[in-house]
Structures are given as C-alpha cells and as structure tokens.
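Here it is, the structure in full.
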Protein chains: 2
Amino acid sequence: MALPASAKPLRADAERTVRAILEAAERVLSTNPAAPMEQIAEAAGVARTTVHRRFASRESLIAALAAWATQRFHDAVEAARPDTAPPAVALYQVTANVLHVKIGWGFAMGALPTDAPEVARVHAAVLAQCERLFTRLRDAGLLRPDTDLDWARRVYYALIHEAAAEAPDTDAAVDTLATRVVDTLLHGIGTSATP
Amino acid sequence: MALPASAKPLRADAERTVRAILEAAERVLSTNPAAPMEQIAEAAGVARTTVHRRFASRESLIAALAAWATQRFHDAVEAARPDTAPPAVALYQVTANVLHVKIGWGFAMGALPTDAPEVARVHAAVLAQCERLFTRLRDAGLLRPDTDLDWARRVYYALIHEAAAEAPDTDAAVDTLATRVVDTLLHGIGTSATP
DNA sequence: GCAAGTTGCAACATCGGTGTTGCATGTTCT
DNA sequence: AGAACATGCAACACCGATGTTGCAACTTGC
C-alpha cells in the first residue's frame with residue numbers, strides 16, 4: 001500500500017531523504033515512541049510536509065520503519081548460515097551479526113507492533129531458524145538434553161537485547177559483546193557446573 | 001503534588017475506585033501505552049470524569065501508577081531480607097517475590113518513564129540492594145570472582161522480565177519460574193562448566 | 001436520618017497532532 | 001538546457017484526546 005520501496009524508482013535525491021527520515025524516526029521514537037511527526041522531520045532535517053509526501057500517514061511510516069529493520073534483521077541472521085555452519089560457530093556469528101544491526105535499529109526491531117503480515121512472516125521465519133539452530137546445538141551436546149527450547153530462545157533474545165543497549169558499534173565492541181552473550185547464555189554467571 | 005495516597009483519608013468507596021482505576025490502567029496501558037483515558041475509565045467501570053476527579057491529569061495518573069508499582073516492588077525486595085539472609089536463599093526469595101509483583105504490574109514496573117524523584121529514588125535503592133546481594137554471592141563463591149556485577153544485574157533483571165511474561169500467578173507457578181530464573185542466571189542453558 | 005462525600009451524565013472549551021493543498025524555489029537526470 | 005521531480009513554506013480543515021463545570025442521584029459514615 002504505502003511501501004516506498006520497489007514501487008517506483010525514486011530519484012537519488014529522494015532516496016537519501018527517505019533514509020534520513022527512517023534513521024531520524026529510529027532515533028526520535030526510541031526515546032519517545034509517541035513523538036509527533038514534527039520532531040521526526042526536524043531530526044531528519046526536512047519539513048514536516050516532506051515526511052507526509054514520502055509516508056502517507058504516521059502509520060505507514062511506522063510500518064516502513066519496521067519493514068526496513070526487519071529486513072536487516074533477516075539478512076543478519078541469514079549471513080551467518082545458521083543451518084549449515086557448525087552450530088557453535090553459527091551461534092556466535094548470528095549473535096554478532098544481529099547485535100550489529102540491533103545497535104542502531106533497536107527500537108524498530110524490538111518495541112514495535114508488528115501488524116504488517118510481511119514483518120510478522122519474517123519474524124516467524126527467524127524464530128524457526130533460531131529453533132533449528134538450538135536443536136542442532138542440543139544434538140551436538142552443547143545444550144542439556146532436557147532444555148526448554150522456547151525458554152532458551154527467549155533468554156537468548158533477552159541477552160542480545162541487553163547487550164545491544166551498550167551503544168558502541170565498533171567491530172571489536174560487537175565481538176566483545178557477542179562473546180559475553182554466548183558465554184552467559186551457555187554458562188550463566190555462576191561458578192559451578194550444572195548440578 | 002497529585003499523590004492521592006496520604007493526602008486526605010479517602011472514603012472506602014473512593015478508595016476502591018482508585019484501586020480499580022490503577023488496575024485498569026495497568027491492564028490497558030500494558031497492551032497500548034497510548035490508550036486514551038476513556039479506555040482506562042471503561043476498563044475500570046467508571047465514567048471518564050471520575051478518573052479526572054481522582055487524577056487531575058493523565059500525567060498524574062501515570063505518576064501514581066508508577067509510584068504504586070514501585071512501592072510494591074520495594075516491599076517485595078525488602079521482604080526477602082537480602083542483606084541478612086544467606087545470599088543463595090536471598091537470591092531465590094527476592095526472585096520469587098519480585099516475580100509475584102511483576103506478574104500483574106509488569107507495565108508499571110518496566111515500561112514507564114520514572115520522572116518522579118520518589119520513584120527514581122526507590123529504583124536506585126533497589127539497584128544498590130541488588131549490587132550488595134551480588135557482591136555477597138560473589139564473596140560466597142557462587143559467582144566467578146571476575147564477574148561484571150553490572151552485567152550480572154542486567155541479565156538478572158532481563159531474566160525476571162522474561163519469566164514474568166508467563167502470566168500465571170499461582171504460588172506454585174511463581175516458584176517454578178523463580179527456580180528457572182535462578183538456575184539460568186547461575187548456570188546458563190549449556191551443559192559444561194565454565195572453561 | 002442527615003450531612004458530607006462520590007459518581008454519572010451531558011455539555012463545553014481547548015489544544016495539539018494529522019493530513020492536505022498550492023505555489024515558488026531548487027535539484028536531478030538526460 | 002529543459003522536463004520532470006523534490007522540497008520548503010504557509011495556510012487550512014479536521015479530529016480525537018484532554019480537562020472543566022454544573023447538576024441530579026446515590027452511598028457512606030456517624
């Protein structure tokens with residue numbers, strides 16, 4: 001309906017504007033989800049009417065933001081080849097890749113109602129991917145045989161969410177965070193092994 | 001300013017209304033933080049004007065909701081005697097108590113801007129309490145000596161948040177969840193001990 | 001039972017955000 | 001250079017949420 005991408009080949013000029021608006025929306029809405037269009041426009045360095053020209057309604061802007069972030073999310077997971085790489089490697093790689101995206105698009109990825117079927121579909125796909133990866137990890141003996149995979153997945157998501165809150169987006173920083181996330185996920189923060 | 005408690009001894013009648021409104025606000029706002037006062041009033045079974053009579057503005061309703069939940073939060077932590085009980089026991093007890101409160105007041109406790117100094121103060125106090133408990137756990141040899149206490153605390157909060165998402169508020173269910181949270185916090189979901 | 005307090009209802013004023021239009025001034029692309 | 005496109009600006013209509021008031025009917029507490 002109001003999808004700006006793949007509808008008409010936008011002029012280079014306008015394309016930059018769209019990007020600026022999406023990035024501004026991420027920044028502004030992450031600190032105040034109810035912020036008016038005016039603030040987003042201002043943060044993007046454009047007039048309010050321009051925002052409305054690119055996104056018919058506030059709703060469609062939100063939808064586009066969600067779609068954009070979701071696509072990046074999906075790409076980040078796929079790039080780690082979670083179905084074919086050795087499970088331990090895949091876990092680390094997925095973690096690092098997703099962290100990289102989530103730093104900078106955290107709001108759009110997390111605190112956004114995914115009404116759009118497009119977005120929900122991708123999220124479901126990634127969820128299934130995650131489920132498969134965890135199964136492979138369990139079969140490889142890295143997770144306890146009786147692991148509740150749903151709980152495991154939710155803990156994993158939560159740890160990534162927490163780690164992403166520490167802003168820096170350097171490659172080194174991302175690797176440090178990913179290491180910490182994977183280590184905490186597998187071993188917790190305690191000293192002893194599982195009883 | 002707009003604190004309905006301890007200002008004037010409200011009539012039993014009105015007290016019930018205030019409670020109903022706060023509970024309704026929790027329910028409604030948790031599914032839609034931007035929901036209009038009308039919906040909250042409807043959910044509470046009162047007229048919109050009544051809500052305005054008890055809470056001068058939307059802002060003050062939010063503030064009262066945050067204050068109410070924060071108080072319960074604080075009480076839940078204190079009831080576990082985290083400074084005097086054996087650290088392992090305290091950890092479990094705090095977890096169970098907080099889970100009990102967080103199920104049912106999750107929105108007010110988590111997704112609420114804590115502008116009020118009252119609320120911020122209590123949150124800071126609980127945070128310090130948590131820090132002390134984790135130090136005691138570390139000194140008791142239950143956490144690795146090199147543990148990043150800030151990361152540990154954030155993981156702990158995140159796990160509680162996740163666990164609280166599973167609605168049931170039975171004593172048995174809370175104990176099951178608390179066990180899972182503590183176990184995951186200390187040992188993660190992997191098989192082997194820390195390398 | 002009576003006074004004080006509480007609620008629902010209807011009506012009103014107000015405000016801020018949303019979305020639209022027209023036009024003049026740039027910018028892009030070929 | 002010229003056509004097509006993009007943007008800023010100003011003005012407007014509109015809507016829904018907020019907050020207020022007055023009054024009649026009811027409940028609570030003593």
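No experiment lies behind these values; they were computed from the predicted model shown. In what follows, chains are A, B, ... by sequence order, proteins preceding strands, each numbered from 1.
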Checking B:R58 side chain against B:H52 main chain: does a donor-acceptor pair fall under 3.5 Å? no
Between A:T17 and B:E38, which residue's closest nucleotide on DNA chain D lies nearer the 5′ terminus? A:T17
What is the distance from NE2 of A:H52 to P of C:dT20, rounded to the nearest Å? 7 Å
Can you find an N or O donor on one side and an acceptor on the other, under 3.5 Å apart, linking the side chain of A:R48 with the base of C:dG19? yes
Between B:F55 (CZ) and C:dT7 (P), how many Å, whole number? 11 Å
Any donor-acceptor pair under 3.5 Å from B:T184 side chain to B:R180 backbone: yes
Sidechain N-carboxylate O distance under 4.0 Å for A:D139, A:R136: no
What integer distance in Å separates A:I40:CD1 from C:dG19:C1'? 15 Å
Positions of residues 19-34 of chain A (non-hydrogen atom under 4.0 Å from DNA chain D), listed by number: none
A:D13 vs B:R16, nearer the 5' end of DNA chain D by closest nucleotide: A:D13
So do A:L61 and A:M37 actually touch side chain to side chain, heavy atoms under 4.5 Å? yes
Could you check whether the rings of A:F134 and A:Y156 sit parallel, tilted or perpendicular, using 30° and 60° as the cut-offs? tilted
I want to verify a distance call: between C:dG17, C:dT7, C:dC29, whose nearest atom is closest to the A:R11 side chain? C:dC29
Of all the choices, C:dT18, C:dT27, C:dT6, which nucleotide is nearest to the side chain of B:L10 once you look at every atom? C:dT6
Interatomic distance, A:R53 CZ vs C:dG19 C1' [rounded to whole Å]: 12 Å
Is A:E166 salt-bridged to B:R154, cutoff N-O under 4.0 Å? yes
Shoot me the first and last contacting nucleotide of DNA chain D against chain B, ordered 5' to 3', at under 4.0 angstrom to non-hydrogen atoms. D:dA17 to D:dG29
Contact class for A:R58 vs. all strands (heavy atom < 4.0 Å): base, sugar-phosphate, or nothing? sugar-phosphate
Donor-acceptor under 3.5 Å (B:T95 side chain, B:A178 main chain): no
Indicate, with a heavy-atom threshold strictly under 4.0 Å, whether B:T49 touches base, sugar-phosphate, or nothing. base
Can we say B:D146 and B:R144 salt-bridge, meaning some charged N sits less than 4.0 Å from an Asp/Glu carboxylate O? no
Non-hydrogen side-chain atoms of B:L22 and B:V18 separated by less than 4.5 Å: yes
